[in-house]
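Data block below; observations after.
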Amino acid sequence: MIKEFVLDGIVLYEAKHFDAKDILTCGQVFRYFDNGSHYSVISLDKKCDIVKEGDKIRLVTDDGEYFNRYFDLDVSYGAVIERLKGLPFMEEATENGKGIRILKQDPFETVVSFIISANNHIPRIKGIIERLCVSLGEKKDGYYAFPTAERLAGVDAKFYSDLGAGYRAEYLARTAADIAGGFPLDKINELDSESANKKLCTLIGVGPKVADCILLFGYARQDVFPVDTWIKKVYADIFSEGARSPKEIRRALIATYGELSGYAQQYLFYNKRG
DNA sequence: GGCCAGGGTAGAA
DNA sequence: TTCTACCATGGC
């Protein structure tokens, strides 16, 4: 892939491993929109339009450096896939999702988003988060920014309940207050992934799976393996057995995919869920 | 109309 | 430490 910074963003050439649909619909992010002709994605207070122009892809944004990092453009996914091939199910999964990239998202936005994701459908998750941004986020040109922790801490559980958050309303209110009150999200990177997972689990509404999602999508950790209902199905496919605990499944899958677990997990999730 | 979702919490065993 | 009941909501 060849990358060129231009005035209105970034242009990608020969981008075999960059596909907007693969990246945005593989369950790692919820603030994206299919505009028919192109996709848009919002991260914090920044927006990026992903426009196909023949064999080129134009990332239209006023902050190219931010989205260069966000889309993980300095990592060769061709090299990642080469390393993954040969491991169980990776031949098919990396071909089916060859345009996937793992986004480097904002940790706070990731915490809030994945608290909402728990035991929930992706279309509904998208809706709750969007209503959250419209009601509490700063208004920008044609969209709304993700609200700050202070803004989220300024409303009560009933507010989140009225947004349709269900029983996660209490979790959101308490965790927003915790983070606005000084919970050290900025020090998570000083911890190894197991310790970081435990630390994140002290947030109300964050359990082992959500903590792994936060580490993978918000802190770019690859040595984690979020186990949800889809990964349980994948596990049954790979090992021909089911009904083991998420903890055991996680350990077995990390043993299989090692330091590439995060990548493998995402290809497997996308391949299974479709 | 029932099933299920990128699960977590609190309490019991 | 691990197991269980319970949880709100709405897309399908």
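Just so it is clear: chains get the letters A, B, ... in the order the sequence lines come, proteins before strands, and each one is counted from 1. In this text the structure is predicted, and so the values were computed from the model without any measurement.
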Checklist entry - Within a strict 4.5 Å, meaning less than it, do heavy atoms of the Tyr257(A) and Met90(A) side chains meet? => result yes
Next on the checklist: Suppose you measure atom P in dG11(B) against the same atom in dA8(C); what distance do you get, rounded to whole Å?
Outcome noted: 15 Å
Checklist entry - Is the aromatic ring centre of Phe114(A) closer than 5.5 Å to the centre of the six-membered base ring of dG6(B), with the two planes inclined by less than 30°? => result no
Checklist entry - Of all the choices, dG7(B), dG6(B), dG10(C), which nucleotide is nearest to the side chain of Asn119(A) once you look at every atom? => result dG7(B)
Checklist entry - Heavy atoms under 4.0 Å, any strand shown: does Val227(A) hit a base, just sugar-phosphate, or nothing? => result nothing
Checklist entry - What integer distance in Å separates Ile204(A):CD1 from dT9(B):P? => result 6 Å
Checklist entry - C1' atom, dC7(C) versus dA5(B): distance in rounded Å? => result 13 Å
Next on the checklist: Any base atoms under 4.0 Å from Pro208(A), or only sugar-phosphate, or nothing? Heavy atoms, all strands.
Outcome noted: sugar-phosphate
Checklist entry - Is there a donor-acceptor contact under 3.5 Å linking the side chains of Tyr143(A) and Arg31(A)? => result no
Next on the checklist: Taking only the C1' atom of each, what is the distance from dG1(B) to dG10(C) in whole angstrom?
Outcome noted: 13 Å
Checklist entry - Going by the angle between their ring planes, with limits at 30° and 60°, are Tyr32(A) and Tyr39(A) parallel, tilted or perpendicular? => result tilted
Checklist outcome for this item: Ordered by number, residues from residues 167-182 of chain A within less than 4.0 Å of DNA chain C (heavy atoms) are Tyr167(A), Arg168(A)
Next on the checklist: It should be established whether Lys209(A) places a side-chain nitrogen or oxygen under 4.0 Å from OP1 or OP2 of nucleotide dT9(B).
Outcome noted: no
Next on the checklist: In this structure, how many angstroms lie between the C1' atom of dG7(B) and the CZ atom of Arg250(A), rounded?
Outcome noted: 15 Å
Next on the checklist: Closest approach to the side chain of His121(A), judged atom by atom: which nucleotide of dG6(B), dC4(B), dG7(B) is it?
Outcome noted: dC4(B)
Checklist entry - Any side-chain heavy atom of Arg58(A) sitting closer than 4.5 Å to one from Val6(A)? => result yes
Item to check | Point-to-point distance, once rounded to the nearest 0.5 Å, from CD of Gln265(A) to CG of Asp212(A) | outcome: 8.5 Å
Checklist entry - Expressed as a whole number of Å, how far does the C1' atom of dC4(B) sit from that of dC6(C)? => result 16 Å
Next on the checklist: Within the 4.0 Å heavy-atom criterion, would you say Leu216(A) contacts the bases, only the backbone, or no part of the nucleic acid?
Outcome noted: nothing
Next on the checklist: Categorize Phe217(A) for me: base, sugar-phosphate, or nothing, with a 4.0 angstrom heavy-atom threshold over every strand shown.
Outcome noted: base
Next on the checklist: So Gly205(A), base contact, sugar-phosphate only, or nothing? Heavy-atom distance under 4.0 Å.
Outcome noted: sugar-phosphate
Next on the checklist: Mind checking if Ile231(A) touches a base, just sugar-phosphate, or nothing, with heavy atoms under 4.0 Å?
Outcome noted: base
Item to check | Touch class at under 4.0 angstrom, heavy-atom based, for Lys126(A) against every strand present | outcome: nothing
